[in-house]
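In what follows, every heavy atom counts, from backbone to side chain, and hydrogens, waters and symmetry copies are set aside. Counting convention: from 1, in listed order, for ligands and their atoms alike. Residue indices begin at 1 and follow the sequence shown.
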Amino acid sequence: MYIDMKVILLAAISADGKIAEHEGQTSLDWTSKEDLRFFVEKTKEVGVLIMGRKTFETIGKPLKGRRTIVMTREKGQTWDKGNRPGPQTPPEGVVEFTSEQPREILKRLKKDGHESVVVAGGSSIYSQFLSEGLITEVFLTVEPVLFGDGIPLATGFDRMNLSLVESTRLGDGSVLLHYLCQK
Ligand SMILES: NC(=O)c1ccc[n+]([C@@H]2O[C@H](COP(=O)([O-])OP(=O)(O)OC[C@H]3O[C@@H](n4cnc5c(N)ncnc54)[C@H](OP(=O)(O)O)[C@@H]3O)[C@@H](O)[C@H]2O)c1
């Protein structure tokens, strides 16, 4: 079933397409302050993010003013008992753990009144949303580094053509690419 929502994949990548050098590495180790500023602005504008449990662990706390949905297969994880679903997120932020699958999460967010959502990684989460054809937009910050080894942006999905909307130089060495996914 088609879900009428903007589903935005947001990632910082090395120039060789990796999102981390190794599992558990925080992106703050290697991404630019301009990328962090963009991440904060975009996720605050959208108000709700979906991420995997491992990515959440690299952040380790609620993101202020945003609703964070953390995907996990472990039952009974909680962070904030004061969950208030819906587009109005309290200033301290909200974290919700769920074992729901991508499409179910989107349906629930749509029902709660969200018109858009950021898919914030990691690789396993990007891969699942891409392979189910759920992503409608992509923002990639290409950072000026090659990792060689590392965790790829995503794997195991069919080719997807993108239309470039905008490319913006960020600071001294990074480039922000904004794409729309072609149907
Ligand atoms: N550069 C960037 O923009 C960027 C963005 C995000 C992340 N990262 C990096 O990517 C790395 C983490 O990526 P990752 O791929 O290893 O892990 P991940 O996608 O963040 O998390 C994987 C975990 O998510 C849960 N999960 C995945 N699919 C699920 C499903 N269908 N249903 C329920 N739960 C599900 C599982 O948690 P349980 O094990 O609890 O069941 C799984 O172990 C970190 O180093 C992080 O810094 C980089």
For the pair Phe38 and Phe139, name the ring-plane relationship: parallel under 30°, tilted 30 to 60°, perpendicular over 60°.
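It falls in the tilted class, 30° to 60°.
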Please name the residue in the list Ile50, Ile135, Leu109, Val138 that meets the side chain to side chain contact (heavy atoms under 4.5 Å, CB included) test with Val7.
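With Val7 as partner, side chain to side chain contact (heavy atoms under 4.5 Å, CB included) holds for just one option, Ile135.
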Are the side chains of Leu153 and Leu9 in touch, meaning some heavy atoms are under 4.5 Å apart?
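Side chain of Leu153 against side chain of Leu9, heavy atoms only: contact under 4.5 Å found.
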Using a 4.5 Å cut-off on heavy atoms from C-beta on, say whether the side chain of Met51 contacts that of Ile125.
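Counting from C-beta outward, Ile125 and Met51 never come under 4.5 Å.
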List the protein residues in contact with ligand 1, where contact means a heavy-atom separation under 4.0 angstrom.
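Ligand 1 pocket, heavy atoms under 4.0 Å: Ala11, Ala12, Ile19, Ala20, His22, Glu23, Gly24, Gln25, Ser27, Trp30, Gly52, Arg53, Lys54, Thr55, Thr58, Met71, Thr72, Arg73, Glu74, Gln101, Ala120, Gly121, Gly122, Ser123, Ser124, Ile125, Tyr126, Gln128, Ile151.
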Main-chain N/O of Phe147 paired to Asp16 side chain as donor or acceptor, under 3.5 Å
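Yes, because the side chain of Asp16 sits within donor-acceptor range (under 3.5 Å) of the backbone of Phe147.
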Glu21 backbone acceptor or donor facing Gln25 side chain under 3.5 Å:
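Indeed, once roles are kept as given, a pair shorter than 3.5 Å links the two residues.
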